[in-house]
There are 2 protein chains.
Amino acid sequence: MTQIKSKKFMLLDPVQTDHIHCESCPIRHRAVCARCEADELELLEEIKYYRSFEAGQHIIWSGDKMDFVGSVVSGIATLSQTMEDGRTQMVGLLLPSDFVGRPGRSGAAYDVVATTDLVMCCFRKKPFEKMMETTPHIAQRLLQMTLDELDAAREWMLVLGRKTAREKIASLLAIIARRDASLHLNAKNGPLVFDLPLTREAMADYLGLTLETVSRQISALKRDGVIVLEGKRHVTIPDMERLLEEAGDDSDGGMLD
Amino acid sequence: MTQIKSKKFMLLDPVQTDHIHCESCPIRHRAVCARCEADELELLEEIKYYRSFEAGQHIIWSGDKMDFVGSVVSGIATLSQTMEDGRTQMVGLLLPSDFVGRPGRSGAAYDVVATTDLVMCCFRKKPFEKMMETTPHIAQRLLQMTLDELDAAREWMLVLGRKTAREKIASLLAIIARRDASLHLNAKNGPLVFDLPLTREAMADYLGLTLETVSRQISALKRDGVIVLEGKRHVTIPDMERLLEEAGDDSDGGMLD
DNA sequence: CGTGCGGTTGAAGAGTCTCAACTCGAGTGG
DNA sequence: CCACTCGAGTTGAGACTCTTCAACCGCACG
């Protein structure tokens with residue numbers, strides 16, 4: 001719907017798309033291939049290729065035939081569903097190392113759209129499926145990742161079904177803040193700072209709200225000092241505890257191992 | 001919250017809980033063990049045991065330590081999350097053959113409650129995890145099942161985030177009707193008939209509504225002839241197409257293989 | 001300098017929730 | 001056998017949250 005083609009984004013082409021060796025791949029230890037041994041990586045090398053997408057580009061259309069699966073190497077994409085009348089719900093946020101596509105199914109179930117410039121490591125589907133049967137390390141890792149996604153989806157169902165608009169926004173900010181912290185491994189006590197990777201509309205689609213409500217609630221959280229905004233996208237969280245209270249989340253974020 | 005202990009339910013003890021051999025198990029070909037060979041089943045026999053629960057009983061408390069995983073053999077259970085202030089959201093409906101628990105994690109993330117009398121086939125967790133590493137058939141099947149659940153969860157996110165109360169109810173009825181049809185393999189053209197396995201409150205928790213709204217919308221669908229109600233739980237769907245329209249679902253239920 | 005897009009804000013309205021009263025049927029006890 | 005209780009479910013009235021429709025801002029880009 002909204003195609004971002006600005007040259008600003010095109011400039012920062014984040015990864016040399018031609019020849020990355022798995023060994024030196026930035027997501028080597030977090031993607032489907034995380035558990036693979038050197039010889040297994042060799043097999044993957046042979047069935048993989050890279051594709052780059054610009055911000056705003058559709059990567060996959062729901063219903064299309066899929067001849068590949070793959071991993072996000074860099075950039076961010078969204079997974080979403082749309083009803084005939086245009087109502088859309090985001091059902092996943094794809095970050096580097098996240099897996100795209102479903103082995104054993106020929107059609108795509110969701111739309112996948114790049115929200116930033118993005119690089120994908122694609123595997124030809126047929127050979128990948130064959131490899132899944134012969135290489136337990138891949139299936140094992142994929143299972144782990146799928147279970148994590150399922151947990152995330154269920155967490156999100158609570159947000160969608162039972163939280164107020166204000167709590168929804170706070171929850172989204174908390175999630176983005178947390179992931180950003182774990183990515184940059186900041187000194188964890190300082191105030192968290194990050195840029196929102198989503199437009200107000202995309203946030204609304206994630207949260208089951210309208211973009212106006214998103215805007216209003218962000219303004220309210222800013223007015224109440226829960227967050228500090230510079231420009232439209234740059235966010236500072238002075239007090240994470242406070243934000244979590246606003247999100248209705250119980251304190252310490254319930255770590256389960 | 002509402003413990004059903006009626007003797008009526010206790011009478012129909014649906015499965016002989018003591019000695020089921022995997023070979024003759026009713027969920028043999030749909031559960032985690034679906035792909036297992038005879039020798040693999042032998043290994044499972046050794047680490048499994050059965051537990052029965054009465055309608056209303058808590059099977060697992062969120063946060064508790066889990067020393068088993070398992071499959072629902074008969075009966076229905078719900079998976080749900082609760083916030084401190086009592087708001088609860090159902091995040092899954094467990095039917096016969098569905099898997100419970102997460103290998104590789106020690107704590108339970110959700111409450112699991114039996115809504116009918118229920119029998120579970122439990123596997124001791126440690127040996128099961130060991131078996132997952134040595135028996136690809138189990139991990140493969142579990143991956144398949146987890147991917148299905150993830151799709152269901154995402155489908156549900158659309159319902160929670162974007163559908164109206166009326167559409168939500170219609171969606172739930174459609175899902176229950178569909179599963180019931182696939183279970184009983186009815187002549188598929190006749191009007192669908194089934195009993196609601198959930199109270200109004202449970203439906204509300206599933207749909208992110210209040211029980212009053214659920215009741216009102218069911219009454220409205222009845223008044224408009226979309227469904228026929230006998231008593232509070234017995235439902236007839238005269239026209240499935242019509243119901244799907246009401247659910248906002250695109251026609252033919254988009255079968256992907 | 002106009003145009004387009006992301007974002008903000010206001011006013012009015014619709015949809016859902018809250019609170020409350022009531023019905024119905026099943027089980028209980030005198 | 002009947003009055004009683006208790007839980008599930010229904011229905012109504014009013015309150016409140018969020019949406020809808022609309023105007024407007026500001027920045028980037030051509």
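Everything quoted here is computed from the prediction, not taken from an experiment. Throughout, a chain's letter reflects where its sequence line sits, starting with A, and its residues are numbered from 1.
One interatomic measurement links the two molecules: CD of B:Glu201 to P of D:dG9, which rounds to 9 Å at whole-angstrom precision. Per the geometry, CG belonging to B:Asp85 stands 11 Å off P belonging to C:dT18, to the nearest Å. We find that CZ of B:Arg200 is positioned 10 Å from P of D:dT11, with the value rounded to whole Å. Rounded to whole Å, the distance from NE2 on B:His234 to P on D:dG9 is 16 Å. The interatomic distance linking B:Leu229 (CG) with C:dC24 (P) rounds to 16 Å, in whole Å. Going from atom CZ of A:Arg223 over to atom C1' of C:dT9 covers 11 Å, rounded to whole Å. Counting to the nearest Å, the C1' atom of D:dG9 and the CZ atom of B:Arg233 are 10 Å from each other.
Judged as a salt bridge (charged side-chain N to carboxylate O under 4.0 Å, His left out), and not counting sequence neighbours, the contacts of B:Arg242 are B:Glu246. The side chain to side chain contact (heavy atoms under 4.5 Å, CB included) search around A:Ala31 returns A:Ile27, A:Cys33, A:Ser71, A:Ser97, not counting sequence neighbours. Applying the side chain to side chain contact (heavy atoms under 4.5 Å, CB included) test to B:Thr78 and every residue at least two apart in sequence or in another chain returns B:Met90, B:Leu93, B:Val113, B:Thr115, B:Leu198.
Counting only residues at least two apart or on different chains, the side-chain hydrogen bond (donor to acceptor under 3.5 Å, both in side chains) pairs with a member in residues 217-230 of chain A are A:Arg166-A:Asp224. Residue pairs meeting the salt bridge (charged side-chain N to carboxylate O under 4.0 Å, His left out) criterion with at least one member in residues 87-96 of chain A, sequence neighbours excluded: A:Asp85-A:Arg87, A:Arg87-B:Glu167. Listed by first and then second residue, the salt bridge (charged side-chain N to carboxylate O under 4.0 Å, His left out) pairs involving residues 149-160 of chain B are A:Arg102-B:Asp151, A:Arg105-B:Asp151, A:Glu149-B:Arg154, A:Arg154-B:Glu149 (not counting sequence neighbours). Sorted by first and then second residue, the pairs that involve residues 200-243 of chain B and meet ring-ring contact (aromatic ring centres under 6.0 Å, His included), not counting sequence neighbours, are B:Trp156-B:Tyr206.
Within residues 204-217 of chain A, the residues having any heavy atom closer than 4.0 Å to DNA chain C are, in order of number, A:Leu211, A:Glu212, A:Ser215, A:Arg216. Listed in residue order, the members of residues 155-176 of chain B having a heavy atom less than 4.0 Å from DNA chain C are B:Thr164, B:Ala165.
Considering B:Ile218, B:Asp239, B:Thr236 as possible partners of B:Ile227, the one that fulfils the side-chain contact (heavy atoms from CB on, under 4.5 Å) test is B:Ile218.
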